Amino acid sequence: MASMIGSKVERKEDKKFLTGKGRYTADINFANQTYAYFVRSPHARAQIKSVDISKASKSKGVIKILTGEDLANDKIGGLIAGWKIVSQDGKDMKVPPHPPLAKDSVNYVGDHVAVVIAETLEQAKDAADLVNVNYKILKAVVNTSDAMKSEAIYEGIDQNLCFDFGLGDKGKAEEAFSKAEKVVSIDLVNNRLIPNAMEPRASIGDYNPSSEELTLYTTNQNPHLTRLVLSAFNGIAPEHKFRVVAPDVGGGFGSKIYPYAEDAVVAWAAKKIEKPVKWVAERTESFLSDCHGRDHITHAQLALQKDGKITGLKVETIANIGAYASLFATVTPTYLYAPLVLGLYNIPVAFCNVKAVFTNTAPVDAYRGAGRPEATYMIERLIEKAAKELGMDRAEFRVKNFINKFPHQQCLVHNIDSGDYSAHLNKALELSDYKNFEKRKSESASKGKLRGIGFSTYIEACGIAPSAVVMSIGAGVGLWESAEIRFNATGNVSVFTGAHSHGQGHDTTFAQIVSDKLGVALENIELIHGDTDKGPFGMGTYGSRSLAVGGTAIVKACDKIIDKGKKVAAKMLEAKPEEIDFKSGEFVVKNSNKKKTIGEIAFACYLPGQYGEIKSPLPEGVEPGLKETAFYDPINFSFPAGTHICEVEVDPNTGETKVVTYTAVDDFGTVINPMIVEGQVHGGVVQGIGQALYENAHYDKSGQLTTASYMDYAMPRADNFPEFKIAYTSTPATSNPLGVKGCGEAGAIAAPPAVINAVVDAINTEISMPATSEKVWDALQNKKSNREAA
Amino acid sequence: MQEVRLEVNGKRISKDVPDQTLLSELLRDILNLTGTHIGCDTSQCGACVVHVDGKSVKSCTVLAADINDSKITTIEGLSQNGKLHPMQEAFKKHHGLQCGFCTPGMVMSAIDLLKNKKNPSDQEIRDWLEGNICRCTGYQNIVAAVKEAANKS
Ligand code: FES
Ligand code: FES
């Protein structure tokens, strides 16, 4: 059988999606189902004086109305931040309570106040209008930059400061700057984004009073962790009586990692009323209450020698984490961000300070890339600016500072195992025809257009994460992954993974790995995920970890299957286990033609004894059955890297910016399915260009989200893009047996700086994201008037 | 209440529904054809596109009672005798879908494009699909799929 690794296999999961047979949470219905509608705060910040449900309760079809008071009476706990960050002064971070239904105060527009459960959705909505909440409106804290100077939102959290985190050697960094021959600095805003998975969030609670089992169907990226949190911290139900199912999920991008207030409330309510309770978000609710992404303000400085060698880096960031500390909100701007500010450069000393602030806005958490896009945007903008100020070519300046020996221990955290940064840079230079850029620029100029080119040579840390490392820096859980391989007696295979697929194509990629390892045909392998009642506990999918961590767990489980198979084959073939080779699905006695297929071995494992032709006494001490479980805890992160080059054309009359060419050359280590990987790159790049040119979550002064629909929040659309040029280089990861590094976030990480560097190059003045036509036009006008004034 | 009579995927149906029932609601909630998805509340995303008398329409913008006697085709009605429609085949071959949520609307829109234009250029495909948002694929493989389907038909 030809190797499955690296082959472009069409996806096993496509048929159901293409024929309308996908089964997303909103598609699931139960007899006797009831409908939940949430009463949400219309104010960014207010005290709740009273919640009067008397009128609403009498409304037609209403079954139950639950408030924060009921929640407290039932001792349902608050939502948690899963990662404890310690401030520079040694004190623990400060977080406010986050009840799934607010009792005393609401802290962002969309915050949950009550839930109305009725026989129909219309009835629930009508009754929700009759819930009378008496608010005392307070002044909202909205701006990232003002948050620390504003009135404290929560008692005991001075300056609205969650933590003041530092990473690196401050003294040494200062010293490098005092000796620097040149200092280049930059001020940046990393705009707030709304993830906008196309499937709105949804949850259904279903309680079985006879078995006392509660099931939650939810749009989620990691059902086991969700069950753990809802069970251990919210006290919804004990884990062994609680099943969480994340069926087909229509995109996540980070926003569906966490258990949300709605999950907790719907599950709790279903148990309370002993009827299924269904909630499906309207898009506006998604805009208001899905966790947002990014929202940093950063000042960064690079210390240099005159010859262009970097000698130090200092970064100061304010990260807006919104009204509450969501599950990964505290790790995203710290350990997922600060170590990555070094990029893929050899920077001897650095210090990064991050202040996380609370504001009266939706919680901000991990969004595709989580911390790494923010770090990359900072360093790649700074690098390009430095090259310009030094009068060096942007490629040459990068090469001069690239890490070029591996493994490389960076001065902050990471030990980078492998890479070849000049390789992808050179390939990208060639593919983008960099050397003829000036010619294209003059062609554009002759049409009255300004053309610019921008680079981004990025690195990310994926495959999260070695448990011992992350737990030592505050993680509340380890980040290993599990797999179980069950051979059925007839020779087909069920593979269980703790990772979750919501578009990534695990059904196919993981099956390719199993097929390759065990020699079983793809169509005889079924991947099962997303249900806590089926597979072993797993940590889910985010941070481009599924293949590097979950895939490795599968490899390990396959190895155990092969080990056992060898013992059984040895007995059946009258040889010693060490005389048995396993290849392409066959156990063969060395230097002979005696062999058994893995299917025969599986059958024999289930029918020890003699039956017709089959004579298969299991060796002594070997249990019947062929099923193995493996847990894999990674030994290191993996470090994908690459070069993206963007060319834009700006129309100076309108400010309109068009991406005219985009080249991506990525090093993801080993690629299992190039078709799927390419799709991940396309999607990531479009999200990255979306951030750079179109998308922006905007709150007005009073804390109203003014971009709460697709009329106001600009989503990237098909007609915004040219065809991308994609290529790869490969240095396999040394930290996992597959050599894979992760590819899901690369595009979203690499693209924003590539695009903005190109825009800045075109208009020759600073611009912030998103570089909308209006902003670009304004920047060009300001430049003109400054010139005229001078 | 209103009586709605339609032919849906080749089957005649008649139902009494509340006046304000949208076609998307009729399909999903009453006929249990959940392949038609709801991705927004402002008629912007295109996840709900179906064919009404052969033309692509955002089903969240149409009152069911307003289109009596029309012929509706949804994503469930495309494949014939277990054989995928060439557009479905092309999406599979070119990896034009990831999470699958936008896919039904995308496929239904794209089929209508080819009815209007035999051999569309990349730009024409991109312009036509402007009303269908996909957050996963970056659109490039969708364009490739539509081109392939155009070449085959
Ligand atoms: S549901 Fe979004 S356009 Fe119809
Ligand atoms: S495939 Fe997920 S939104 Fe298009």
Side-chain angles (χ1 to χ4, degrees), chain A residues 8 10-11 13-24 26-29 122 195-200 248-253 280 282-284 286 501-505 675-676 678-687 689 709-711 715-724 726 747, chain B residues 18 20 28-29 32-47 74-79 84-85 87-89 91-107 122-123 125-144:
Chain A
K8 188 182 156 177
E10 284 182 26
R11 297 202 318 170
E13 48 270 80
D14 283 351
K15 196 170 168 201
K16 68 173 169 182
F17 293 134
L18 281 163
T19 51
K21 296 198 179 70
R23 193 162 178 259
Y24 301 87
D27 302 338
I28 298 170
N29 292 297
E122 289 311 316
N196 272 303
M198 289 318 295
E199 177 205 23
D248 289 328
V249 174
F253 314 111
V280 180
E282 292 176 356
R283 180 55 63 183
T284 311
S286 300
S501 184
H502 29 280
Q504 294 89 337
M675 178 190 82
I676 289 178
E678 196 169 309
Q680 290 293 314
V681 174
H682 292 161
V685 166
V686 159
Q687 272 172 316
I689 299 177
S709 82
Y710 289 138
M711 320 261 247
M715 290 286 279
R717 291 169 190 259
D719 59 345
N720 298 136
F721 304 97
E723 187 169 319
F724 307 135
I726 310 280
Chain B
Q20 73 278 16
R28 287 184 56 83
D29 302 339
N32 204 21
L33 292 167
T34 53
T36 298
H37 295 153
I38 305 299
C40 73
D41 39 29
T42 51
S43 297
Q44 296 273 308
C45 76
T74 70
I75 190 78
E76 289 94 341
L78 272 188
S79 65
L84 294 182
H85 184 281
M87 189 63 77
Q88 291 169 313
E89 278 293 353
F91 265 66
K92 189 165 185 316
K93 179 165 170 204
H94 289 276
H95 190 30
L97 66 153
Q98 290 181 23
C99 78
F101 197 81
C102 72
T103 311
M106 259 324 159
V107 168
D122 279 25
Q123 197 53 48
I125 297 170
R126 287 178 182 272
D127 288 343
W128 180 273
L129 294 178
E130 185 268 344
N132 292 78
I133 306 176
C134 174
R135 193 55 150 172
C136 299
T137 63
Y139 304 104
Q140 185 154 320
N141 288 341
I142 293 177
V143 175

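Here the structure is a predicted model, which is why all the values come from computation and not from measurement. Every chain is numbered from 1 and lettered A, B, ... according to where its sequence line falls, protein lines coming before strand lines. Heavy atoms only: backbone and side chains are in, while hydrogens, waters and symmetry mates are out.
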Subject >> Qualifying residues under ring pair (Phe, Tyr, Trp, His ring centres under 6.0 Å), relative to B/Phe101, sequence neighbours excluded >> reply: A/Tyr24, B/His37

Segment of [X] engaging chain B (4.5 angstrom heavy-atom cut-off):
| X | result |
| --- | --- |
| A/Pro716 | both |
| A/Met715 | side chain |
| A/Gln680 | both |
| A/Val280 | neither |
| A/Ile689 | neither |
| A/Ser709 | side chain |

Do the side chains of [Y] and [X] get nearer than 4.5 Å, heavy atoms only?
| X | Y | result |
| --- | --- | --- |
| B/Thr137 | A/His682 | no |
| B/Cys99 | A/Phe17 | no |
| A/Asp719 | B/Gln123 | yes |

Would you mind telling me which of [options] has the largest number of heavy-atom pairs within less than 4.5 Å of chain A?
| options | answer |
| --- | --- |
| B/Thr34, B/Asp127, B/Leu33 | B/Thr34 |
| B/Asn141, B/Leu129, B/Ile142 | B/Asn141 |
| B/Glu76, B/Lys92, B/Gln88 | B/Lys92 |
| B/Ile125, B/Leu78, B/Ile75 | B/Ile75 |
| B/Val143, B/Thr36, B/Thr42 | B/Thr42 |

How long is the span from the [atom1] atom in [X] to the [atom2] atom in [Y], to the nearest 0.5 Å?
| X | Y | atom1 | atom2 | result |
| --- | --- | --- | --- | --- |
| B/Lys93 | A/Glu10 | NZ | CD | 8.0 Å |
| A/Leu18 | B/Glu89 | CG | CD | 8.5 Å |
| A/Glu723 | B/Gln140 | CD | CD | 4.5 Å |
| B/Leu97 | A/Glu13 | CG | CD | 8.5 Å |
| A/Asp27 | B/Asn32 | CG | CG | 8.5 Å |
| B/Arg135 | A/Met198 | CZ | CE | 8.5 Å |

**OP:** List in chain and number order the residues that pass side chain to side chain donor-acceptor pair (under 3.5 Å) with A/Glu282, two or more places apart in sequence or in another chain; answer none if no residue qualifies.
**Re:**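 Partners of A/Glu282 under the side chain to side chain donor-acceptor pair (under 3.5 Å) test: A/Lys125.
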
Subject >> Pairs of heavy atoms under 4.5 Å with chain B: top-ranked of A/Asn196, A/Asp248, A/Val685 >> reply: A/Asn196

Subject >> Choice from A/Gly747, A/Ser501, A/Gly505, A/Pro722 maximising heavy atom contacts with chain B below 4.5 Å >> reply: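 Maximum pair count with chain B is reached by A/Pro722.
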
Residue part contacting chain A, namely of [X], when any heavy atom lies under 4.5 Å:
| X | answer |
| --- | --- |
| B/Asp122 | side chain |
| B/Ile38 | backbone |
| B/Leu84 | side chain |
| B/Thr103 | side chain |

Original post:
Just by distance, do the side chain of B/Asp41 and the backbone of A/Thr284 share a donor-acceptor pair under 3.5 Å?
Top reply: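 Yes: the side chain of B/Asp41 pairs with the backbone of A/Thr284.
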
Subject >> Exam field: side chain A/Arg717 to backbone B/Glu130, donor-acceptor pair closer than 3.5 Å >> reply: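 The answer is yes, because a donor-acceptor pair under 3.5 Å joins these two groups.
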
Original post:
Which atom pair, heavy atoms only, marks the closest approach of A/Phe724 to B/Gly138?
Top reply: CE1-O, 4.5 Å

**OP:** Considering non-hydrogen atoms only, spot the tightest contact between B/Ser79 and A/Thr19 and give its length.
**Re:** OG-CG2, 4.4 Å

